[in-house]
There are 2 protein chains.
Amino acid sequence: MSRQILVVEDETAIREMITFVLEQNGFNAIEAETIEQAQAKIKEPYPDLILLDWMLPGGTGVKLAKSLKQNEYTRTIPIIMLTARADEDDKVKGFEAGIDDYVTKPFSPKELIARIKAVIRRVAPTALEETIDFHGITLDPVAHRVSINNKNLDLGPTEFRLLHFFLTHTERVYSREQLLDNVWGTNVYVEDRTVDVHIRRLRKAISGDGHEDFIQTVRGSGYRFSGKILPSG
Amino acid sequence: MSRQILVVEDETAIREMITFVLEQNGFNAIEAETIEQAQAKIKEPYPDLILLDWMLPGGTGVKLAKSLKQNEYTRTIPIIMLTARADEDDKVKGFEAGIDDYVTKPFSPKELIARIKAVIRRVAPTALEETIDFHGITLDPVAHRVSINNKNLDLGPTEFRLLHFFLTHTERVYSREQLLDNVWGTNVYVEDRTVDVHIRRLRKAISGDGHEDFIQTVRGSGYRFSGKILPSG
DNA sequence: AGTTATTGTGACAGTTTCATGACAACGATA
DNA sequence: TATCGTTGTCATGAAACTGTCACAATAACT
């Protein structure tokens with residue numbers, strides 16, 4: 001289940017950009033332009049996190065933060081403040097009001113996502129890294145544990161990352177190069193064929209019994225992780 | 001195969017944001033900060049599209065656009081100009097220089113992606129990522145999967161590309177030469193008649209049951225992929 | 001019908017791509 | 001140091017893919 005994030009930001013372009021980036025990263029964005037709108041949207045089900053702009057038409061965001069943090073039901077919601085500059089005064093006031101972190105504009109999407117994840121991890125550690133369950137394969141990113149049909153799997157680090165990537169990116173073909181980028185990391189010099197070998201190791205590991213081939217070879221293109229087995233005609 | 005997009009932008013935060021958004025959307029981003037860097041990176045294989053900032057340290061982006069559009073090898077590369085404001089003068093100069101579209105900053109990622117896709121669609125009308133459904137034939141470019149009446153089809157790479165081309169270009173006759181250009185790629189030396197063989201293979205693959213000849217032979221002209229069955233006579 | 005041009009089909013060989021087992025390098029650890 | 005687990009690379013064989021050809025089948029035309 002994806003996280004609800006309330007974006008309180010009056011500049012449309014920035015708000016849209018943030019919303020877009022959030023949704024690209026699997027978050028569910030709710031938008032608000034003013035403090036009033038925001039307050040109206042902070043109700044059950046409560047958002048999991050609030051991105052709060054510092055300068056808002058109805059007053060400073062800190063005002064909202066303060067009131068939220070004083071309310072019994074909303075004080076546990078983590079708040080990340082968006083400030084226009086790295087202003088010490090803003091930061092101090094923000095933290096006094098109870099914010100959990102801040103991001104200074106302009107920021108890169110990567111930074112924003114990283115901070116959101118960090119805050120969620122801090123406040124609700126189990127939340128972000130949820131256990132994945134896919135057709136009998138269970139992967140717990142936090143415990144770094146994999147099981148298939150309740151039988152524990154012993155994977156090497158690379159196989160674990162590869163499986164984790166596949167489980168979060170199913171039903172899609174990835175070229176060897178893309179897999180290297182995503183699992184091994186960019187600017188790592190490794191042969192394309194190395195992927196084949198790790199695919200084979202992972203296949204071997206998860207091919208115990210039951211389901212046949214989760215990892216499907218797409219000749220000429222790459223590999224696909226899929227739970228679907230369509231009848232071939 | 002993902003499209004290469006060259007991002008020419010000197011502001012790091014914006015460039016990173018754009019790159020991020022592009023890669024989230026399956027594009028392959030190449031970055032350049034200056035006109036010189038950009039020119040160095042515009043070579044084979046040429047990028048499929050260029051996002052060009054208006055204000056650059058080495059001069060205006062329009063200068064680069066002009067030189068690209070005057071070069072035989074680069075003039076077909078679509079260029080989208082990034083302008084700081086909706087300045088009529090900028091736009092006019094841009095279009096005079098041969099740009100294909102423009103986006104005014106600040107822009108939302110959705111708008112950017114939409115414009116990129118629109119331009120690519122205009123220039124290279126093959127579909128990008130959407131699943132195509134045509135009279136029971138389903139082709140998913142992302143998963144690299146084809147099914148006909150929910151039965152999985154096993155196609156070789158060339159057959160897949162051929163079918164993909166046909167599905168995005170139905171009801172129209174294509175000569176063997178045109179098919180070679182579009183499916184095999186230009187500057188590939190292959191016999192005309194090779195197309196016949198692949199047509200046959202594709203026909204065989206999709207001729208399971210139900211609809212018979214999607215691929216119609218137009219004697220003397222080429223082939224046509226059609227859902228219509230015209231009464232013979 | 002006979003002729004010619006064009007297309008369908010099966011076969012085949014060369015090439016490409018992939019799966020697999022082996023192995024050495026490396027680092028961690030006892 | 002010795003051992004173990006992990007990892008990247010390679011060699012090899014199997015399988016799939018591809019382009020081309022020869023010939024059959026079909027359509028068009030006289």
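All chains are named by letter (A, B, ...) in the order of the sequence lines, taking the proteins before the strands, and each is independently numbered beginning at 1.
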For A:Tyr223, answer base if it contacts any base atom (sugar-phosphate contacts may also be present), sugar-phosphate if it contacts only those atoms, and nothing otherwise; contact means non-hydrogen atoms under 4.0 Å.
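The residue A:Tyr223 makes sugar-phosphate contact but no base contact.
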
Examine the side chains of B:His198 and B:Glu159 and answer whether a donor and an acceptor come within less than 3.5 Å of each other.
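Judged by distance alone, the side chains do not pair up.
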
Taking atom types as modelled, find out whether B:Thr158 and B:Arg201 have a side-chain donor-acceptor pair closer than 3.5 angstrom.
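No.
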
In whole angstrom, give the distance that lies between atom [atom1] of [X] and atom [atom2] of [N].
X	N	atom1	atom2	value
A:Arg193	D:dT12	CZ	P	16 Å
B:Asp154	D:dC17	CG	C1'	12 Å
B:Gln216	D:dA27	CD	P	14 Å
B:Asp192	D:dT18	CG	P	18 Å
A:Phe160	D:dT6	CZ	P	13 Å

Going 5' to 3' along DNA chain C, which nucleotides are the first and last within contact of chain B (any atom under 4.0 Å from a heavy atom)?
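The protein-touched segment is C:dA5 to C:dA11.
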
For DNA chain C, which residues in residues 194-201 of chain B have a heavy atom at a distance below 4.0 Å?
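Those residues are B:Asp196, B:Arg200, B:Arg201.
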
Main-chain N/O of B:Glu31 paired with B:Glu9 side-chain donor or acceptor, under 3.5 Å
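Side chain of B:Glu9 to backbone of B:Glu31: no pair is present.
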
Is B:Gln37 reaching over with its side chain to a backbone N or O of B:Glu33, donor-acceptor style, under 3.5 angstrom?
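Yes; at least one donor-acceptor contact below 3.5 Å.
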
OP1 or OP2 of D:dG8 versus the side-chain N and O atoms of A:Trp184: is any pair under 4.0 Å?
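The answer is yes; a side-chain N or O of A:Trp184 sits under 4.0 Å from OP1 or OP2.
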
Among all residues two or more places apart in sequence or in another chain, which pass the salt bridge (Lys or Arg N to Asp or Glu O under 4.0 Å) test with B:Asp192?
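So B:Asp192 forms no salt bridge (Lys or Arg N to Asp or Glu O under 4.0 Å) with any residue.
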
Does CG in A:Asn150 sit with more than 12 non-hydrogen atoms of other residues, nucleotides or ligands closer than 6.0 Å?
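Open.
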
Between B:Asp140 and A:Arg172, does a salt bridge (Lys or Arg N to Asp or Glu O under 4.0 Å) hold up when you go through it step by step?
CA-CA 9 Å; B:Asp140 183 344; A:Arg172 190 176 171 127; over 6 Å; no

Could you check which of D:dT7, D:dT20, D:dA27 has an atom nearest any side-chain atom of B:Val190?
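Within the option list, the nearest is D:dT20.
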
Measuring from B:Leu139:CG to B:His144:NE2, what's the distance to the nearest 0.5 Å?
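Nearest 0.5 Å value for the CG-NE2 distance: 8.0 Å.
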
Evaluate the criterion ring-ring contact (aromatic ring centres under 6.0 Å, His included) for residue pair A:Phe214 and A:Phe166; output intermediate values, then yes/no.
CA-CA 10 Å; A:Phe214 284 103; A:Phe166 270 140; over 10 Å; no

